[in-house]
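Below is one structure, written out as structure tokens, with a few remarks after it.
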2 protein chains.
Amino acid sequence: MPPRDQINHQCPIRDVLDRMGDAWSLLVMLELSRGPCRFNALRRVVDGISQRMLAVTLRHLERDGLISRQVLPLSPPQVEYALTGLGGSLIARVNLLRDWAVEHQPQVWQARAAYDARDASAEKAA
Amino acid sequence: MPPRDQINHQCPIRDVLDRMGDAWSLLVMLELSRGPCRFNALRRVVDGISQRMLAVTLRHLERDGLISRQVLPLSPPQVEYALTGLGGSLIARVNLLRDWAVEHQPQVWQARAAYDARDASAEKAA
DNA sequence: CAGTATCCCCAAGGATACTG
DNA sequence: CAGTATCCTTGGGGATACTG
């Protein structure tokens, strides 16, 4: 199996979901949807992200035109990341998905509990 | 870092996106949204999925109440998988995301091309 | 047919160190 | 501050074989 990046780019839904799929892209975009932010500030607020993954994630998002990167000519250097219009429109759709999650989470949890209960009793029977 | 399954279950959006994130869940649900289907039929149509991952994926989706599993008392045994109402409502939201992808894919591609071009000329300069 | 069990590999990503 | 380079580990997932 080839690495994820090399496949499925003919399928538009996978193209976007591969990006959403990795834990960090979404969290970073969600954070940037609250306003522009610099590298280390993001690092602190995204909680748990490694320096490497933040850099990689930002490169990906920037390449896809979802965020912008602006270097401020200062010393020490400062770089501001911000959501683009394109990124903002994506986040809007993602929020619809989050709304679904919030709305239906009780049902999902209930389903899981029911499944696990059935599972446990089936195992006991064996 | 603990494995993905053990964390972020307090965050509803991650809970659903972790599921969407793995390549197969979505493809399987999308296929089932076209009608009920049996194991090996799914295997053939989902293209590229291994027997193991199909089984694992189906278990997950079933546990979350997104699909149903019905064993038909026949010989040889037959098992029909189908999208539940819950699963259907999720797919509806996912389709909104797909619509975004279809609609904005040109912009994303254009952004990538621009980025890569800048990247290449920057590299040549060095 | 519809799975489970086992083995095994590899690339995603963390930790650490260094640079403009 | 904002990264890049390097090394190393781990668990996701493929291949294969077996079962009710």
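Below, chains carry the letters A, B, ... as their sequence lines are ordered, and counting in each starts from 1. Atom set for the values below is all heavy atoms of this structure, side chains included, hydrogens, waters and symmetry mates excluded.
For the helix from C/dC1-D/dG20 to C/dG20-D/dC1, the axis fitted to the five pairs at one end and the axis fitted to the five pairs at the other end meet at an angle of 50° (nearest 10 degrees).
A close approach under 4.0 Å does occur between a side-chain nitrogen or oxygen of A/Tyr81 and OP1 or OP2 of D/dG3. Remark: B/Arg52 is not in phosphate contact with C/dA5, judged by side-chain N or O atoms under 4.0 Å from OP1 or OP2. Considering only side-chain N and O atoms, A/Trp24 lies nowhere under 4.0 angstrom from the phosphate OP1 or OP2 of C/dA12.
In this structure, B/Leu54 atom CG and D/dA15 atom C1' are separated by 16 Å, rounded to whole Å. Rounded to whole Å, the distance from CD on B/Glu62 to P on C/dG3 is 9 Å. Distance A/Leu74 CG to D/dG3 P: 14 Å, rounded to the nearest Å. If you take CE of B/Met53 and P of C/dT6, they are 18 Å apart, rounded to a whole angstrom. B/Arg69 places its CZ atom 12 Å from the C1' atom of C/dC1, with the value rounded to the nearest Å. Between the CG atom of B/Asp18 and the C1' atom of D/dG11 there is a distance of 15 Å, given to the nearest Å. B/Gln51 places its CD atom 12 Å from the P atom of D/dG14, with the value rounded to the nearest Å. Rounded to whole angstrom, the span from the CG atom of A/Asp119 across to the C1' atom of C/dT4 amounts to 14 Å.
Across all non-hydrogen atoms, the minimal contact from A/Gly87 to A/Met29 is O-CE, 3.6 Å.
The CD1 atom of A/Ile49 lies 13.5 Å from the CZ atom of A/Arg44; values are rounded to the nearest 0.5 Å. We find the CG-CD1 distance between A/Leu96 and A/Ile91 to be 11.0 Å, quoted to the nearest 0.5 Å.
Looking at A/Ile67 and A/Tyr81, their side chains come closer than 4.5 Å, going by heavy atoms from C-beta outward.
Heavy atoms of A/Arg43 sit nowhere under 4.0 angstrom from any nucleic acid atom.
B/Tyr115 and A/Leu54 fall into different hydrophobic clusters, where Ile, Leu, Val, Met, Phe, Trp and Tyr side chains are chained together by heavy-atom contacts under 4.5 Å.
Taking the side chain of B/Arg38 as heavy atoms from C-beta on, and the options C/dA2, D/dC1, D/dG3, the nearest nucleotide is C/dA2. Listed nucleotides D/dG14, C/dT4, D/dA2 differ in distance to B/Ser50; the shortest reach to its side chain belongs to D/dG14.
At most 12 heavy atoms of other shown residues, nucleotides or ligands fall within 6.0 angstrom of atom CD in B/Gln110.
Take the nearest nucleotide of DNA chain D for B/Ile49 and for A/Pro77: the residue whose nucleotide is more 5' is A/Pro77.
Of the charged side-chain nitrogens involved, at least one lies within less than 4.0 Å of a carboxylate oxygen, so that B/Arg112 and A/Asp15 count as a salt-bridged pair.
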